[in-house]
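Please read all numbers here as calculations on a predicted model, not as lab measurements. Values below: every heavy atom of this structure, side chains too, minus hydrogens, waters and symmetry copies.
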Amino acid sequence: SEEILQFLPATVELSIVALLIAMCTGIPLGFLAAIRHKRVTDHFILSVSMLGYSIPVFWLGLLAILLFSINLGWLPSAGQLSLAYDIERPTGILLIDILSSDSSYKWQAFADAGQHLILPALVVATAPATIFVRLARTSMLEVMETSYIKAAKAKGLSFISIIFKHAIRNAMVKIIRQVGLQFANLITIAMITEVIFDWPGIGRWLIESIYQRDFTAIQAGLLVLSTFIFIIHIVTDII
């Protein structure tokens, strides 16, 4: 239980940030593809989403490290925070702990933690984002064919008004239902990504436990992850 409390917050932080990135990029692109249905924009977005979904996460992670960390030197390749910063972690979620600390180098540490978070979060978010693209596109196309959208067009409402006041709000209902299902997939991707980026989360801890045949840790880790996914399902149903 002590090890789980130590490693779980890092996985929660990575998963939530990755989910937000996936939703904020995938859903608008899916809506754009539906609005530009059967045009160049639609075909381009679908092609990119299929490419992103087809790339294995372990290869994408290594490629991101090779390009952005080794060749360009823009972002760190491993860890959660540089050794130069010593931050107390009462919650375990590093970004929150840094913002709530009284350290004199709080903002430098926050920027450093953000840089460490960018690459693994983007890698984890890639596959869910491509799924959100297809979900949003399909949902928007279905909504655009409904009778109330046709009635709004007949009334003379502008295209922007129809999209933002009627279509998007109704299309989001079907997408939110799928967030819980995609979160389970996202957790699985995060476990592999944590090993590649040496992220101190429960996924890396669980895989190390499998290598060491630590069956008690394996049982506990799977129980916690299953409970976490179960809670996310309940929250998405309520939303």
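Annotation for I21 and A121: closest pair CD1-CB, 3.9 Å, computed over non-hydrogen atoms. The two residues P9 and I4 make their nearest non-hydrogen contact at CD-O, 4.1 Å. Counting all heavy atoms, side chain and backbone alike, A64 lies closest to V123 at CB-CG2, 4.3 Å. Of all heavy-atom pairs between A22 and A129, the closest is CB-N, 3.7 Å. What you find for M140 and A167 is that their closest heavy atoms are SD-CB, 3.7 Å. Taking both residues in full, the closest heavy atoms of S49 and V133 are given as CB-CG1, 4.1 Å, listed atom of the first, atom of the second, then distance.
For residues 108-133, the set of pairs meeting the salt bridge (charged side-chain N to carboxylate O under 4.0 Å, His left out) definition, not counting sequence neighbours, is empty. Listed by first then second residue, pairs satisfying salt bridge (charged side-chain N to carboxylate O under 4.0 Å, His left out) with a partner in residues 212-239 number zero, not counting sequence neighbours. Sorted by first and then second residue, the salt bridge (charged side-chain N to carboxylate O under 4.0 Å, His left out) pairs involving residues 119-147 (not counting sequence neighbours) are D42-R137, E142-K174. Sorted by first and then second residue, the salt bridge (charged side-chain N to carboxylate O under 4.0 Å, His left out) pairs involving residues 14-36 (not counting sequence neighbours) form an empty list.
Considering CG of L60 and CG of L119, their distance stands at 9.5 Å, rounded to 0.5 Å. Residue I187 holds its CD1 atom at 5.0 Å from CZ of F228, rounded to the nearest 0.5 Å. Expressed to the nearest 0.5 Å, how far CG of L20 lies from OG1 of T25 amounts to 10.5 Å. Within the model, atoms CD1 of I35 and CE of M144 stand 7.0 Å from one another, a figure rounded to the nearest 0.5 Å. Expressed to the nearest 0.5 Å, how far CE of M191 lies from CG of L206 amounts to 4.5 Å. Taken to the nearest 0.5 Å, the OG1 atom of T130 stands 11.0 Å off from the CG atom of L46.
In this structure, the side chains of V143 and Y148 come closer than 4.5 Å at one or more pairs of heavy atoms. Annotation: side chain of M23 is in contact with side chain of F132 (closest heavy-atom distance under 4.5 Å). By the 4.5 Å heavy-atom criterion applied to side chains, L117 and L95 are counted as neighbours. Here the side chains of I149 and I162 are in contact, with some heavy-atom distance below 4.5 Å. Using a 4.5 Å heavy-atom cutoff, the side chains of K165 and L157 are not in contact. Looking at heavy atoms from C-beta onward, I175 lies in side-chain contact with F31 at the 4.5 angstrom threshold.
Not one N or O on the side chain of S139 forms a donor-acceptor pair closer than 3.5 Å with the backbone of L135. Using a distance-only test at 3.5 Å, with no hydrogens or angles considered, no donor-acceptor pair links the side chain of S69 to the main chain of L66. Although no hydrogens or angles enter the test, the distance criterion places no donor-acceptor pair under 3.5 Å between the side chain of S77 and the main chain of I65. Using a distance-only test at 3.5 Å, with no hydrogens or angles considered, a donor-acceptor pair links the side chain of W199 to the main chain of A10.
By the 6.0 Å contact criterion, CD1 on I234 is enclosed, its count of non-hydrogen atoms from other residues, nucleotides or ligands being greater than 12.
Aromatic ring orientation, F68 versus W74: tilted (interplanar angle from 30° to 60°).
Under the rule for a side chain to side chain contact (heavy atoms under 4.5 Å, CB included), Q6 has no partner lying at least two apart in sequence or in another chain. A search for side chain to side chain contact (heavy atoms under 4.5 Å, CB included) contacts involving I118 returns L75, L122, not counting sequence neighbours.
F230 and I232 are assigned to two separate hydrophobic clusters, defined by single-linkage of ILVMFWY side chains at heavy-atom distances under 4.5 Å. At a threshold of 4.5 Å between side-chain heavy atoms, the hydrophobic network of Ile, Leu, Val, Met, Phe, Trp and Tyr places W205 and L5 in two separate groups. Both V57 and I131 are members of a single hydrophobic cluster when ILVMFWY side chains are connected at heavy-atom separations under 4.5 Å. A continuous path of Ile, Leu, Val, Met, Phe, Trp and Tyr side chains, each step under 4.5 Å between heavy atoms, connects I189 with W59, placing both in one hydrophobic cluster. Note on I229: it clusters hydrophobically with I202, by side-chain heavy-atom contacts below 4.5 Å among ILVMFWY residues.
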